[in-house]
> 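Take a look at the following structure, please.
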Amino acid sequence: YHACAANREGHALCWGTGYSWKPRPDRPHDPFSPRRIDDIFGVAALVAGDGFTCALKSNRSVYCWGENMTVLGGVLKSPSLMAATPMDIQDIVALSAGERHVCALKTDGTLLCWGSNFAGQLGDGTTEDRYKPVAVTGLSDAESVSAGAYHTCALRPGGRVVCWGFNANGQLGDGTTETRAIPADVSELADATSVAAGASHTCAVVSGGHLKCWGDSSYGQFASGSGTPVPCLGKGICGRTPVAVSEVTGVQSMASGSD
């Protein structure tokens, strides 16, 4: 339970509970007061996951701090990063954080991911947790990336979208509910301009400012406009391929949250 912000001077400020910063004797923990993260400057963007935060610096390097991204069964498998620690990657232009994993887009269109990988959300063809960044298999032309809770999606040239990871609710949009450890094409989608992965659903802005979503809509994530949720095929499976969102036009950007 924490939040972070970057100020105009390029400093990162965090507040809340958990692992937002390294405590110091001269600076007691106060979850209600923003605290500057020591030893990190030139912050251009921030992403936050479950108990951790990562910063993209203006020099295209990445720093992370907080609870380590790989926690299985409540047992910490690697030491927490209680101070901003550099990741061994460069030439990064965008970051996205899921619940327990992070993905970084490089200038050459490749993607690097690290953290929890129990559902293949890192896209390296395995389900092994990774403490260091690994390349997403077969993806060299990504234009943007969005990490959901346990799945990840990327926008490719020509409006195509690929997704990988957990798929029990159809959130990969490939017409199945099979978990994928490498990128799979989203079916019936060729005009996307952006993509946003949520907990168990995914949405994309498409040409003309319209919106399409897939995955779980048990709580109205697809915004049917009828006052009732989109009919679901089974428990939490409401669209294994993209479904047009009614009464939403002129969309320029969007974000997906939890359920």
Side-chain angles (χ1 to χ4, degrees), residues 47 49 94 96-99 101 103 105 111 113 118-123 136 138-139 141-259:
V47 296
S96 187
E99 184 164 315
H101 75 290
C103 290
L105 174 63
L111 281 175
C113 299
F118 77 93
Q121 59 263 50
L122 303 188
V136 174
L139 192 57
D141 57 359
E143 296 180 346
S144 66
V145 61
S146 180
Y150 310 118
H151 74 292
T152 311
C153 296
L155 178 68
R156 301 184 71 180
R160 295 172 296 159
V161 173
V162 291
C163 296
W164 57 96
F166 196 59
N167 196 28
N169 303 99
Q171 55 262 57
L172 301 190
D174 65 347
T176 78
T177 53
E178 296 180 16
T179 291
R180 308 284 186 184
I182 60 174
D185 289 320
V186 174
S187 302
E188 304 170 17
L189 188 67
D191 58 349
T193 59
S194 66
V195 62
S200 55
H201 71 289
T202 308
C203 293
V205 179
V206 299
S207 60
H210 300 288
L211 199 62
K212 292 185 177 181
C213 297
W214 54 96
D216 185 13
S217 186
S218 299
Y219 300 98
Q221 293 97 313
F222 294 2
S224 65
S226 64
T228 58
V230 171
C232 298
L233 303 175
K235 184 177 180 181
I237 305 172
C238 307
R240 289 179 290 189
T241 57
V243 175
V245 175
S246 304
E247 301 179 9
V248 179
T249 58
V251 179
Q252 295 182 323
S253 64
M254 62 89 56
S256 294
S258 185
D259 294 339

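Residue indices begin at 1 and follow the sequence shown.
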> Short question: side chain of Ser96, backbone of Ala147 - any donor-acceptor pair under 3.5 Å?
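Such a contact is found between Ser96 side chain and Ala147 backbone.
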> Do you know the tightest heavy-atom contact between Thr177 and Arg240?
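Closest approach of Thr177 to Arg240: CG2-CD, 3.8 Å.
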> Checking Leu189 against Arg160 for the side chain to side chain contact (heavy atoms under 4.5 Å, CB included) test, could you report, in this order, the C-alpha distance in whole Å, the side-chain angles of both residues, the deciding distance, and whether it holds?
CA-CA 6 Å; Leu189 188 67; Arg160 295 172 296 159; over 6 Å; no
> How far apart are the closest heavy atoms of Val161 and Ala192, and which atoms are they?
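So the minimum-distance heavy-atom pair works out to CG2-CB, 3.7 Å.
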> Would you mind telling me which of Val186, Val206, Leu211 makes a side chain to side chain contact (heavy atoms under 4.5 Å, CB included) with Pro242?
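The single option meeting the side chain to side chain contact (heavy atoms under 4.5 Å, CB included) with Pro242 is Val186.
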> Output yes when a side-chain donor or acceptor of Thr202 lies under 3.5 Å from a complementary backbone atom of Gln171, and no otherwise.
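Pair found, side chain donor or acceptor close to backbone of Gln171.
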> So do the side chains of His210 and Asp191 get within less than 4.5 Å of each other, counting heavy atoms only?
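Contact flag for His210/Asp191 side chains = no.
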> Taking all heavy atoms of Trp214 and all of Gly170, pick out the closest pair and write down the distance.
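Closest pair (atom of Trp214, atom of Gly170, distance): CD1-O, 3.5 Å.
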> Of the non-hydrogen atoms in Ala255 and Ala196, which two are nearest, and what is the gap between them?
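In this case the closest contact between Ala255 and Ala196 is CA-CB, 4.0 Å.
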> Taking Ser146 for its side chain and Cys153 for its backbone only, find out whether a donor-acceptor pair lies under 3.5 Å.
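Looks like no, no N/O pair under 3.5 Å.
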> Fit a plane to each ring of Tyr150 and Phe118, take the angle between them on a 0 to 90° scale, and name the class: parallel (under 30°), tilted (30 to 60°) or perpendicular (over 60°).
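Rings of Tyr150 and Phe118: perpendicular, as their planes differ by over 60°.
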> Return the minimal non-hydrogen interatomic distance between His151 and Leu172, and the atom names on each side.
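In terms of heavy atoms, the two residues are closest at CB-CD2, 3.8 Å.
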> State the OG-NE2 distance between Ser256 and His201, to the nearest 0.5 angstrom.
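Here the interatomic distance stands at 4.0 Å.
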> Return the minimal non-hydrogen interatomic distance between Leu122 and Val136, and the atom names on each side.
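Distance-wise, the nearest heavy atoms are O-CG2, 3.4 Å.
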> With a 4.5 Å heavy-atom cut-off, do Thr152 and Trp164 have their side chains touching?
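A side-chain contact under 4.5 Å exists here.
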> Tell me every residue that passes side chain to side chain contact (heavy atoms under 4.5 Å, CB included) with Thr176, counting only those two or more places apart in sequence or in another chain.
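If we apply the side chain to side chain contact (heavy atoms under 4.5 Å, CB included) test to Thr176, skipping adjacent residues, the hits are Asn167, Asp174, Glu178, Arg180.
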> About how many Å separate CG of Leu111 and SG of Cys103, when rounded to the nearest 0.5 Å?
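Going from SG on Cys103 over to CG on Leu111, the span is 6.5 Å.
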> If we only count heavy atoms from C-beta on, is the Lys212 to Val243 side-chain gap below 4.5 Å?
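SC-SC contact between Lys212 and Val243 ruled out.
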